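Inspection log for the structure reproduced underneath, given as structure tokens.
FYI, side chains are in, hydrogens and waters are out, and symmetry mates aren't considered; it's all heavy atoms of this structure. A quick note: this is a predicted structure, and the numbers were derived from the prediction, not measured.
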Amino acid sequence: MLMLQIILLIMAIRMFLRKRKLNALRAEQFGATEAKFCEWRQLELKHKIILLWAAVGLLVGSIAAQLAVVVDPDPILRIQMDDFQLALFVLFFILLTMSVVPAIMAAKIKKQFNINWP
């Protein structure tokens, strides 16, 4: 579980930094119309924000579940925390799925206007 938490922390930091870079971009840098560029940037930001919430939510939830088990090692609580962590994983994958929709729409605009941004 610790390895997953480290991966999620790295993912969250990376998404946060990319979100800041994305906010600084301007339409003139890519030769796209202002309206389409703003639409693309908003879709990219929505994608990044959903991923950021998913990563941070799963990270905080899994740490809270582990702390609850450490504080009270009751076997029934341990089963409840396992169920809680399973629900967190399901929520994480639902958010990942939700983030795909704006990412696909942003990719179409990116391809249409040849916006070269990783």
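Residues Ile49 and Met11 do not share a hydrophobic cluster, defined by chaining ILVMFWY side chains whose heavy atoms lie under 4.5 Å apart. Residues Leu17 and Leu51 fall within the same hydrophobic cluster, defined by Ile, Leu, Val, Met, Phe, Trp and Tyr side chains chained together at heavy-atom separations under 4.5 Å. In the hydrophobic clustering of ILVMFWY residues, with side-chain heavy atoms under 4.5 Å counting as a link, Phe93 and Phe84 come out together. Each of Val100 and Phe89 belongs to its own hydrophobic cluster when Ile, Leu, Val, Met, Phe, Trp and Tyr are linked at side-chain heavy-atom distances under 4.5 angstrom. Residues Trp53 and Ile13 do not share a hydrophobic cluster, defined by chaining ILVMFWY side chains whose heavy atoms lie under 4.5 Å apart.
A salt bridge is defined here as a Lys NZ or Arg NE, NH1 or NH2 lying under 4.0 Å from an Asp or Glu carboxylate O, and Arg41 with Glu44 fails to meet this definition.
The two residues Ala12 and Val56 have their closest heavy-atom pair at CB-CG2, 3.8 Å. Between Trp40 and Ala106, the closest heavy-atom pair is CD1-O, 3.1 Å. Leu88 and Ser62 get closest at one heavy-atom pair: CD1-N, 3.7 Å. When all heavy atoms are compared, the tightest approach of Gln29 to Ala24 is OE1-O, 4.3 Å. Minimum heavy-atom separation, His47 to Ala103: ND1-CB, 3.4 Å.
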Problem set entry | Leu25 vs Leu22, side-chain contact (heavy atoms from CB on, under 4.5 Å): CA-CA, chis, key distance, verdict | CA-CA 5 Å; Leu25 296 178; Leu22 186 61; 3.8 Å; yes
For this session: Applying side-chain contact (heavy atoms from CB on, under 4.5 Å), run through Met81 and Gln66 and close with a yes or a no.
Result: CA-CA 8 Å; Met81 288 301 111; Gln66 286 179 341; over 6 Å; no
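The distance from atom CD1 of Ile63 to atom CG of Leu9, rounded to the nearest 0.5 Å, is 8.0 Å. The line from CD1 of Ile115 to NZ of Lys36 is 10.0 Å long, rounded to the nearest 0.5 Å. Note that the CD1 atom of Ile79 and the CG atom of Asp82 stand 7.5 Å from one another [nearest 0.5 Å]. The line from CD1 of Ile104 to CD1 of Ile109 is 12.5 Å long, rounded to the nearest 0.5 Å. The CD atom of Glu28 sits 8.0 Å away from the CZ atom of Phe37 when rounded to the nearest 0.5 Å. The line from CG of Asn116 to NZ of Lys110 is 7.5 Å long, rounded to the nearest 0.5 Å.
Residue Met105 places its CE atom among 12 or fewer non-hydrogen atoms of other residues, nucleotides or ligands, all under 6.0 Å distant.
Under the 4.5 angstrom side-chain criterion for Ile, Leu, Val, Met, Phe, Trp and Tyr, the cluster partners of Val90 are Ile50, Leu91, Ile94, Leu95, Met98.
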